Amino acid sequence: PYPTLFLALFAALILMLAGVRLPLNSAARRMAVVVAMDQSESIASDQHAWMTQKIDQIRHAMDSRDRIAVIGFGRDAQLVAPLTDPRLLTLPATGVDAGATDIAGALTTAAGIFPQADEKRLILLSDGVETENRALDELPALTDAGVRVYSTAPPPSASARIALTSFTAPSSVHAETSFALHLDIASEAPHPVDAHIRLYSEDTAVGGNEIQLKPGLNRLELPYRIDRPGAYILRAEVVTAP
């Protein structure tokens, strides 16, 4: 199930895009379509391929008089393809920061692309899991600008991904005192998976642990001790078989 935030966001958008049944025909004015494509780390490779295929279906359904643009977004948003004839659209690689998902920023970037006189359609391709800002805050401005927003989410990934989703420690501890590091590791594998946690202080390996990850969310504690006072940056990695 998608998080509550996903449900709230997508319920608030004007219409759910089903397949390619998007009203692409415009009788009065030329239409401009901007597609905002989620390229954050939460999107698996097969889901990204699905989005690319969806964009291809949309552009083939458009009239040659209309124009289409594509932006990619993660923590930031970048223009992948400027407004162009849908028959000429190409999707080069981008350097988007995939470490977060800012849907609100993507909507704001997309809104600045539309020509004033054209009919405006914004299509959001995303899993809806935003980690920065609130997309709901951008909807009134889009409505005022005459932008109609559509959204669709990719199907669940066929790959069994594993991710370290949270890594926390006390903000301050006494030297020569043991404390616990807290880790949350999510596993999409349908069965238990053997894994190895590696712990680093700065760039130096300082420990590790063999674990077995159950399907779903795994909450773990890793004991640690710092002998000398100072400031330390700790880093954790989770390693599994391919």
Side-chain angles (χ1 to χ4, degrees), residues 1-22 32-59 61-62 68-84 86 89-114 120-139 141-142 147-166 186 188:
Y2 293 111
T4 303
L5 183 59
F6 166 85
L7 298 176
L9 168 64
F10 276 48
L13 294 177
I14 297 174
L15 184 65
M16 179 64 73
L17 173 63
V20 293
R21 293 191 297 273
L22 174 68
V33 174
V34 177
V35 181
M37 178 171 57
D38 192 339
Q39 296 182 321
S40 63
E41 289 177 347
S42 66
I43 302 298
S45 58
D46 55 345
Q47 293 174 314
H48 182 270
W50 179 90
M51 292 181 184
T52 301
Q53 182 181 35
K54 185 65 63 178
I55 293 172
D56 198 49
Q57 292 172 345
I58 290 170
R59 74 180 186 88
M62 294 176 64
I68 185 172
V70 178
I71 64 171
F73 70 93
R75 189 186 305 276
D76 57 348
Q78 296 182 10
L79 184 63
V80 177
L83 281 172
T84 187
L89 180 69
T90 59
L91 299 177
T94 64
V96 167
D97 182 349
T101 305
D102 184 0
I103 296 176
L107 298 180
T108 300
T109 300
I113 297 174
F114 291 105
K120 304 171 183 64
R121 304 284 191 272
L122 196 165
I123 303 173
L124 174 64
L125 303 180
S126 173
D127 59 9
V129 182
E130 56 184 356
T131 62
E132 294 188 359
N133 300 314
R134 295 183 70 252
L136 291 175
D137 294 340
E138 305 303 319
L139 296 181
L142 291 171
V147 179
R148 296 178 62 184
V149 182
Y150 304 81
S151 63
T152 187
S157 173
S159 62
R161 298 173 297 171
I162 291 173
L164 177 61
T165 59
S166 176
E188 294 179 343

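Numbers for residues simply follow the sequence, beginning at 1. Everything numeric in this text was worked out from a predicted model, so none of it was measured.
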Peer 1: Measure the spacing between CH2 of W50 and CD1 of I55 and express it to the nearest 0.5 Å.
Peer 2: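 Here the interatomic distance stands at 9.5 Å.
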Peer 1: The test is side chain to side chain contact (heavy atoms under 4.5 Å, CB included); show your working for Y150 and L122 and say whether it passes.
Peer 2: CA-CA 6 Å; Y150 304 81; L122 196 165; over 6 Å; no
Peer 1: Name all residues meeting the side-chain contact (heavy atoms from CB on, under 4.5 Å) criterion together with S45; count only those two or more places apart in sequence or in a different chain, and write none if there are none.
Peer 2: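 Result, side-chain contact (heavy atoms from CB on, under 4.5 Å) vs S45: none returned.
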Peer 1: Apply side-chain contact (heavy atoms from CB on, under 4.5 Å) to Q78 and list each qualifying residue two or more places apart in sequence or on a separate chain.
Peer 2: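 Q78: side-chain contact (heavy atoms from CB on, under 4.5 Å) contacts with D76, T94, V96.
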Peer 1: Grab the two heavy atoms, one from G74 and one from S40, that are nearest each other, plus how far apart they are.
Peer 2: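 Closest pair (atom of G74, atom of S40, distance): CA-CB, 4.3 Å.
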Peer 1: Could you work out, with salt bridge (charged side-chain N to carboxylate O under 4.0 Å, His left out) as the rule, every residue matching R161, not counting sequence neighbours?
Peer 2: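 Listed in chain order: E188.
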Peer 1: If the condition is side-chain hydrogen bond (donor to acceptor under 3.5 Å, both in side chains), which residues does S159 pass it with, not counting sequence neighbours?
Peer 2: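 Applying side-chain hydrogen bond (donor to acceptor under 3.5 Å, both in side chains) to S159 gives S157.
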Peer 1: With sequence neighbours excluded, give me every salt bridge (Lys or Arg N to Asp or Glu O under 4.0 Å) pair touching residues 99-109.
Peer 2: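 Output for this query is empty, none listed.
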Peer 1: Sequence neighbours excluded and cut-off under 3.5 Å, please list the side-chain donor-acceptor pairs for residues 103-113, or say none.
Peer 2:
{"unit_1": "T108", "atom_1": "OG1", "unit_2": "A104", "atom_2": "O", "d": "3.1"}
{"unit_1": "T108", "atom_1": "OG1", "unit_2": "E138", "atom_2": "OE1", "d": "3.1"}
{"unit_1": "T109", "atom_1": "OG1", "unit_2": "G105", "atom_2": "O", "d": "3.0"}

Peer 1: How many angstroms lie between atom CD of Q47 and atom CG of D127, to the nearest 0.5 angstrom?
Peer 2: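 That separation rounds to 6.5 Å.
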Peer 1: Side-chain contact, heavy-atom cut-off 4.5 Å: I123 with V33?
Peer 2: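 In short, these two side chains touch, coming nearer than 4.5 Å.
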Peer 1: Considering residues at least two apart in sequence or located in another chain, which fulfil the salt bridge (charged side-chain N to carboxylate O under 4.0 Å, His left out) criterion with D46?
Peer 2: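 Expected list: none.
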Peer 1: Are side-chain heavy atoms of V34 and V147 found at a separation under 4.5 Å?
Peer 2: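 No - every pair of side-chain heavy atoms lies 4.5 Å or more apart.
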Peer 1: Looking at residues at least two apart in the chain, or sitting in another chain, which of them share a side-chain contact (heavy atoms from CB on, under 4.5 Å) with D137?
Peer 2: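 Listed in chain order: R134.
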Peer 1: Taking the side chain as everything from C-beta on, heavy atoms only, tell me whether F114 gets closer than 4.5 Å to L142.
Peer 2: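 Result no, sub-4.5 Å side-chain heavy-atom pair not found.
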Peer 1: Starting at CG of N133, measure out to OG1 of T101 and round the result to the nearest 0.5 Å.
Peer 2: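 Spacing of CG (N133) from OG1 (T101) equals 11.5 Å.
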Peer 1: Looking at CG of L124 and CG of D38, how far apart are the two atoms once the value is rounded to the nearest 0.5 Å?
Peer 2: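 Between L124 CG and D38 CG, I get 7.5 Å after rounding to 0.5 Å.
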Peer 1: Hey, could you give me the CG/CD distance between L136 and E130, rounded to the nearest 0.5 Å?
Peer 2: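 CD of E130 is found 7.0 Å from CG of L136.
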Peer 1: How long is the gap from OG1 on T152 to NZ on K54, to the nearest 0.5 Å?
Peer 2: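 Separation between the atoms: 5.5 Å.
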Peer 1: Restricting to side-chain hydrogen bond (donor to acceptor under 3.5 Å, both in side chains), what partner residues turn up for E132, sequence neighbours left out?
Peer 2: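 Scan of E132 (side-chain hydrogen bond (donor to acceptor under 3.5 Å, both in side chains), adjacent residues dropped) gives R75.
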